[in-house]
There are 2 protein chains.
Amino acid sequence: MQKQNFLTKNQQIVLDLVEKSSQPLKAYSILFNVQKKGLKAPLQVYRALDKLVEIGKIHKIESRNAFVACKNSNCVVSNATAFSICESCEKVTEINNSKLSKYLSNFEDNSGMKYNKYNLEFFGLCKKCKNK
Amino acid sequence: MQKQNFLTKNQQIVLDLVEKSSQPLKAYSILFNVQKKGLKAPLQVYRALDKLVEIGKIHKIESRNAFVACKNSNCVVSNATAFSICESCEKVTEINNSKLSKYLSNFEDNSGMKYNKYNLEFFGLCKKCKNK
DNA sequence: TTACACAATGTTATAATATAACAAATTATT
DNA sequence: AATAATTTGTTATATTATAACATTGTGTAA
């Protein structure tokens, strides 16, 4: 059997939900929302999430244990991700800045380690929350 | 009462343990190790960890849910952190690179958002693991 | 076209991570 | 000493995530 190059039913259900959401979704919130579609157990959701992250369709916001759809067509795989996170309203935006990604992808320190992946999370107050 | 500017007993116990460790420690591993010192409940550990993170004595490796002592004297508070993580042996090193931190601290995108904090995690294979 | 290999799914149970709520003890200032 | 605030202790529980294994689906090749 070939390696799958399409989405399975569960993956599609989870992806559809995450893509419709304007903010990051938690795994158990996803579970709750897809129960009407037949996904009853956490593992069904986590397995779909794992695969979707692996192929770059969604990203995990590590500091929030939450998931967002990829808004960056360059993210074929999730190996170079950057987000801005509002510490007040928790709004998350994927940063798509070629200078930044170039800078980080080429970054080397004195450890002799070559990085094949990074994740960057910026925190602050979004425009709306700053003006409150 | 003044805001505390020293470590409490529990905080000191937890910090001592984390500082002695060469790799990141998980909260429940910390709990297990400090039980002989009298910290019996998860909350006692989590409260100490929260405070230690807040004042920059330790950092949380978000992708691993683990904690490391700060190796960077500049980290008065944990508002600008970068780590390299080996995906094979899980060795974590704090990156202390002034060009990088300057670049990221001054980073602005078109969202108009001003960031007061960031966390960056690089992934790859460390020297040892690369040569296996 | 059926047997096979393997991927994906379903299911139950449980592990691992983290916080809520509240009572008690400690400590600094009045 | 009275007080106010912080820290601690304690029980219970919420949240996040995975182990283990049985079952079903699907592409490939005999």
Side-chain angles (χ1 to χ4, degrees), chain A residues 1-18 21 23-55 57-68 78 87 90 92 119 121, chain B residues 1-18 21 23-55 57-68 78 87 90 92 119 121:
Chain A
M1 195 184 188
Q2 258 191 326
K3 205 174 172 189
Q4 155 198 334
N5 62 350
F6 53 87
L7 298 182
T8 66
K9 191 191 61 163
N10 290 358
Q11 290 160 16
Q12 192 64 59
I13 290 170
V14 170
L15 179 58
D16 286 348
L17 184 71
V18 176
S21 172
Q23 81 266 48
L25 293 179
K26 302 259 195 169
Y28 275 70
S29 148
I30 293 170
L31 174 59
F32 179 81
N33 277 285
V34 298
Q35 277 178 333
K36 64 196 75 155
K37 304 255 184 184
L39 281 82
K40 283 180 270 182
L43 250 198
Q44 296 177 286
V45 169
Y46 278 106
R47 283 201 281 231
L49 287 172
D50 285 351
K51 189 59 155 191
L52 291 167
V53 166
E54 189 192 322
I55 63 178
K57 289 288 188 181
I58 65 174
H59 304 304
K60 182 173 186 182
I61 308 302
E62 294 287 356
S63 65
R64 299 298 187 261
N65 297 319
F67 301 85
V68 292
S78 300
E87 289 182 298
E90 294 293 325
V92 168
N119 179 53
E121 297 181 2
Chain B
M1 195 183 189
Q2 261 191 324
K3 206 172 169 191
Q4 157 198 333
N5 63 348
F6 52 87
L7 297 182
T8 67
K9 192 192 58 160
N10 290 359
Q11 290 160 16
Q12 192 63 59
I13 290 170
V14 170
L15 179 58
D16 286 348
L17 183 71
V18 176
S21 171
Q23 81 266 49
L25 293 178
K26 302 260 194 169
Y28 275 71
S29 149
I30 293 170
L31 175 59
F32 179 82
N33 278 285
V34 297
Q35 277 178 333
K36 64 196 74 155
K37 305 256 183 184
L39 283 82
K40 283 180 269 182
L43 249 197
Q44 297 177 285
V45 169
Y46 278 106
R47 284 201 280 232
L49 288 172
D50 285 351
K51 189 59 155 192
L52 291 167
V53 166
E54 188 191 323
I55 64 179
K57 288 288 189 183
I58 64 173
H59 303 304
K60 182 172 187 183
I61 308 301
E62 293 286 357
S63 65
R64 298 298 186 262
N65 297 320
F67 299 86
V68 292
S78 299
E87 290 184 296
E90 294 292 325
V92 168
N119 179 54
E121 298 181 2

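Every chain is numbered from 1 and lettered A, B, ... according to where its sequence line falls, protein lines coming before strand lines.
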Peer 1: Can you check whether Thr8(A) has a side-chain N or O nearer than 4.0 Å to OP1 or OP2 of dA7(C)?
Peer 2: no

Peer 1: May I have the distance from Tyr46(B) (atom OH) to dT16(D) (atom C1'), rounded to whole angstrom?
Peer 2: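 One finds 10 Å between C1' of dT16(D) and OH of Tyr46(B), rounded.
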
Peer 1: Nearest 0.5 Å please: distance from the CG atom of Leu49(A) over to the NZ atom of Lys60(A).
Peer 2: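 These two atoms lie 9.0 Å from each other.
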
Peer 1: Does any residue of residues 24-38 of chain A have a heavy atom under 4.0 Å from DNA chain C, and if so, which ones, in number order?
Peer 2: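 Residues of residues 24-38 of chain A under 4.0 Å from DNA chain C: none.
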
Peer 1: Who passes side chain to side chain donor-acceptor pair (under 3.5 Å) against Glu121(A), sequence neighbours left out?
Peer 2: Ser63(A), Asn119(A)

Peer 1: Take atom NZ of Lys60(B) and atom C1' of dT16(D), then tell me their distance rounded to the nearest Å.
Peer 2: 11 Å

Peer 1: Could you check how far CD1 of Ile55(B) sits from C1' of dT6(D), rounded to whole Å?
Peer 2: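 After rounding, the gap between these two atoms is 15 Å.
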
Peer 1: Could you list, one pair per line, each protein nitrogen or oxygen that sits under 3.5 Å from a nitrogen or oxygen of nucleotides 21-25 of chain C, together with the distance?
Peer 2:
none

Peer 1: Between Phe67(B) and Val18(B), what is the shortest heavy-atom contact and its length?
Peer 2: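 Closest heavy-atom pair between Phe67(B) and Val18(B): O-CG1, 3.9 Å.
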
Peer 1: Using whole Å, report how far CG of Asn10(A) lies from C1' of dG25(D).
Peer 2: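 Interatomic distance, CG of Asn10(A) to C1' of dG25(D): 12 Å.
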
Peer 1: Got a second to check how far Asp50(B)'s CG is from Gln11(B)'s CD, nearest 0.5 Å?
Peer 2: 10.0 Å

Peer 1: Give the rounded distance in Å between these two atoms: CG of Asp50(B) and P of dT17(C).
Peer 2: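 Distance, rounded to whole Å: 15 Å.
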
Peer 1: When you match Phe67(A) and Gln44(B) each to their closest nucleotide on DNA chain D, which lands nearer the 5' end?
Peer 2: Gln44(B)

Peer 1: How close or far is atom C1' of dT11(D) from atom NZ of Lys40(B), stated in whole angstroms?
Peer 2: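 It works out to 12 Å between those atoms.
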
Peer 1: Using whole Å, report how far CG of Leu49(A) lies from P of dT18(D).
Peer 2: 10 Å

Peer 1: Just to verify, what does Gln12(B) make a side chain to side chain donor-acceptor pair (under 3.5 Å) with, not counting sequence neighbours?
Peer 2: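 Counting only residues at least two positions away or on another chain, Gln12(B) forms a side chain to side chain donor-acceptor pair (under 3.5 Å) with Asp16(B).
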
Peer 1: Write down the distance between CD (Glu62(B)) and P (dT17(C)), rounded to a whole number of angstrom.
Peer 2: 13 Å

Peer 1: If each of Asn65(B) and Pro42(B) is mapped to the nucleotide of DNA chain D with the nearest heavy atom, which maps nearer the 5' terminus, i.e. the 5' end?
Peer 2: Pro42(B)

Peer 1: Can you give the donor-acceptor pairs under 3.5 Å from side chains of residues 25-45 of chain B to other protein atoms, not counting sequence neighbours?
Peer 2:
| unit_1 | atom_1 | unit_2 | atom_2 | d |
| --- | --- | --- | --- | --- |
| Lys26(B) | NZ | Arg64(B) | O | 3.1 |
| Asn33(B) | ND2 | Ser29(B) | O | 2.8 |
| Gln44(B) | OE1 | Lys40(B) | N | 2.8 |
| Gln44(B) | OE1 | Ala41(B) | N | 2.9 |

Peer 1: How far apart are the closest heavy atoms of Val14(B) and Ala48(B), and which atoms are they?
Peer 2: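 In this case the closest contact between Val14(B) and Ala48(B) is CG2-CB, 3.7 Å.
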
